[in-house]
Amino acid sequence: MKIIFKKTLTALVLASATTLVQAEDVTLRVHHFMSQKAPLHSKFLVPLAEKLSQASEGKITLEIYDSMSLGGRPSDLYDQAVDGAVEMSLTLPGYTPGRFNRTEVFELPFMMQSATATSKAFYDLVQNELQEGEFEETKILTSWVHGPGVIHSEEPINKLEDLSGKEMRGPTRLITDLLAELGATPVGMPLPKIPENLSKGVISGAVVPWEVTPSIKLNELVSNHTELGGDRALYTAAFVLAMNWDAYEDMPEDLRTILDAETGKALAAFAAEVMTGADAFGRSTAEGSNIIELDQTEVDRWIAASQPVYDRWIERAEGEGFDGAAAIAQAQELISANQ
C-alpha cells in the first residue's frame with residue numbers, strides 16, 4: 001500500500017507540476033483591420049510575435065488575426081480589447097470620433113514633423129496623461145503615427161482650387177474636417193473600403209500614406225499623387241496597440257515583465273521606422289505615375305486654409321473640459337523634444 005501511495009503521490013505531484021508549467025504559457029490574440037500584406041501586419045506584428053516568443057522561450061504566443069477575421073467592424077476593435085473579446089487590438093482611435101479627444105491633437109493638419117519624433121511624442125503623452133485618462137479602459141502597449149498623408153486622385157491636384165468638389169476619402173473626423181475646409185467633399189471610410197468605392201466612382205480620390213498603397217493596389221486605381229513639400233505633413237493618423245486589462249494583469253509576472261520590455265516607447269519608434277520604410281517602398285511602386293510636389297508657397301496657402309480646423313478643435317476641446325491651445329503647445333513641445 002505504501003508503494004502504491006508513493007506512486008500515486010508522485011503522479012499527482014508530476015501532474016501538478018505539468019499544470020503549473022502549462023499555466024505559465026500565454027496566448028494573446030491581436031485583431032486588426034488590415035490585410036496580411038500591410039506593413040503593420042508583416043513588418044510590425046509578425047516581428048513582435050517572434051520577439052515575444054524568443055524572449056519568453058516560447059511561453060508567449062501572439063496570434064495575429066488580420067482583416068477583421070474575428071468579426072465586427074474596424075470601429076469595434078478598441079472595444080473588443082476593452083471587453084476581452086480579444087486580448088489585444090491594433091486600431092486607430094480616430095475610428096470612434098469624439099471618444100479620444102486629446103489624442104486628436106497629433107492628427108491636426110501640419111502638426112507632424114516626422115513619424116519617429118511624433119510617435120515618441122504620442123507615446124510620452126499616453127504614458128504621462130492619457131493612459132489614466134481617455135485610455136483607462138485598456139493597457140496601451142504602445143502608440144505611434146504613420147508617415148505623411150498623401151493625396152491620391154483620379155485627376156491631378158496641383159493647387160488648392162483643384163480639390164474643389166472632389167469626393168475625397170478621409171480616415172478620421174479631423175481629416176474629413178480638413179478636406180472640407182480645403183474645398184473637397186469629404187467621405188469618411190475605413191481603409192479596406194477604398195478600392196471598392198474608387199472603382200464604383202463613389203470617391204474620386206483618397207488621402208493615405210504611401211505605405212498602404214501597395215496593399216490596397218491603389219496605384220492601379222489612380223495615377224495622380226500629390227505630396228506637400230517642406231517639413232510638415234498634410235496630416236497623420238494615430239494608432240494604438242491596446243490590451244485588455246484582465247489579460248494583462250493575469251499574466252505571470254515574469255511574462256508580463258517581458259511584454260513590457262518588448263513594447264513601450266522603443267516599439268513606438270520601431271513602428272515609426274516600419275512606416276517610414278514602407279512609405280519609401282510604396283512610393284517606388286508609383287513610378288510612371290504623376291507625382292506632384294507642392295512648393296512652399298502653395299503649401300503655405302493650404303496651411304492658412306486649415307486654420308478653421310484648429311479653431312473648431314480648440315472650441316470643441318473646451319466643451320470636453322481641457323485647454324485645446326495648451327494641448328497643441330504641449331504636443332509641439334513633445335515632438336521637438338523627441339527630434
Side-chain angles (χ1 to χ4, degrees), residues 34 38-40 43-44 92 94 103-122 143-153 156-160 162-163 168-172 174-179 181-182 184 186 191 194 205-216 218-219 222 224-239 268-287 289-303 305-306 309-310 331-332 334-336 338-339:
M34 294 162 287
L40 282 177
K43 298 183 183 301
F44 175 71
L92 287 83
T103 293
E104 278 188 334
V105 69
F106 290 103
E107 297 182 343
L108 284 164
F110 309 102
M111 173 68 74
M112 189 185 79
Q113 297 179 33
S114 82
T116 299
T118 307
S119 293
K120 290 180 178 179
F122 180 25
S143 55
W144 68 96
V145 301
H146 66 52
V150 178
I151 300 171
H152 309 270
S153 55
I157 306 297
N158 293 293
K159 58 185 183 300
L160 187 59
D162 292 338
L163 277 174
M168 300 294 297
R169 173 267 181 183
T172 63
L174 270 184
I175 299 163
T176 55
D177 192 18
L178 169 65
L179 290 170
E181 206 59 54
L182 297 178
L191 180 71
I194 293 174
V207 290
V208 296
W210 280 114
E211 53 99 0
V212 300
T213 57
S215 65
I216 60 173
L218 189 59
N219 295 329
V222 299
N224 296 283
H225 314 275
T226 302
E227 302 176 322
L228 274 65
D231 62 353
R232 297 298 176 102
L234 174 64
Y235 81 95
T236 189
F239 290 80
F270 175 68
E273 291 169 9
V274 168
M275 301 280 88
T276 301
D279 278 343
F281 174 75
R283 194 179 193 277
S284 72
T285 65
E287 290 181 3
S289 296
N290 182 29
I291 299 179
I292 302 159
E293 183 171 321
L294 303 182
D295 61 28
Q296 190 60 54
T297 300
E298 182 64 20
V299 171
D300 288 343
R301 296 181 66 222
W302 292 49
I303 292 174
S306 72
V309 178
Y310 276 75
Q332 290 170 334
L334 287 171
I335 292 171
S336 296
N338 281 285
Q339 290 283 14

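This is a predicted model, so every value here is computed, not measured.
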Nearest-0.5 Å distance, [atom1] of residue [X] to [atom2] of residue [Y]:
| X | Y | atom1 | atom2 | result |
| --- | --- | --- | --- | --- |
| E107 | T236 | CD | OG1 | 7.5 Å |
| R169 | I194 | CZ | CD1 | 4.0 Å |
| L179 | S306 | CG | OG | 11.5 Å |

For L160 and L182, what are the C-alpha separation, side-chain angles and deciding distance, and is it a side-chain contact (heavy atoms from CB on, under 4.5 Å)? CA-CA 7 Å; L160 187 59; L182 297 178; 3.7 Å; yes
Please enumerate all residues that pass salt bridge (charged side-chain N to carboxylate O under 4.0 Å, His left out) together with E104, with sequence neighbours excluded.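 Only R173, R316 meet the salt bridge (charged side-chain N to carboxylate O under 4.0 Å, His left out) criterion with E104.
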If you define the side chain from C-beta out and look only at heavy atoms, does anything of [X] sit under 4.5 Å from [Y]?
| X | Y | result |
| --- | --- | --- |
| V222 | S153 | no |
| L40 | F239 | yes |
| L174 | Y235 | no |
| W210 | M275 | no |

Check the angle between the aromatic planes of F106 and F122 and answer parallel, tilted or perpendicular using the 30° and 60° thresholds.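 F106 vs F122 ring planes: tilted.
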For the pair F44 and W144, name the ring-plane relationship: parallel under 30°, tilted 30 to 60°, perpendicular over 60°.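 Answer is tilted, since the angle falls between 30° and 60°.
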Run the side-chain contact (heavy atoms from CB on, under 4.5 Å) check on M111 and I335 step by step: do they pass? CA-CA 9 Å; M111 173 68 74; I335 292 171; 4.1 Å; yes
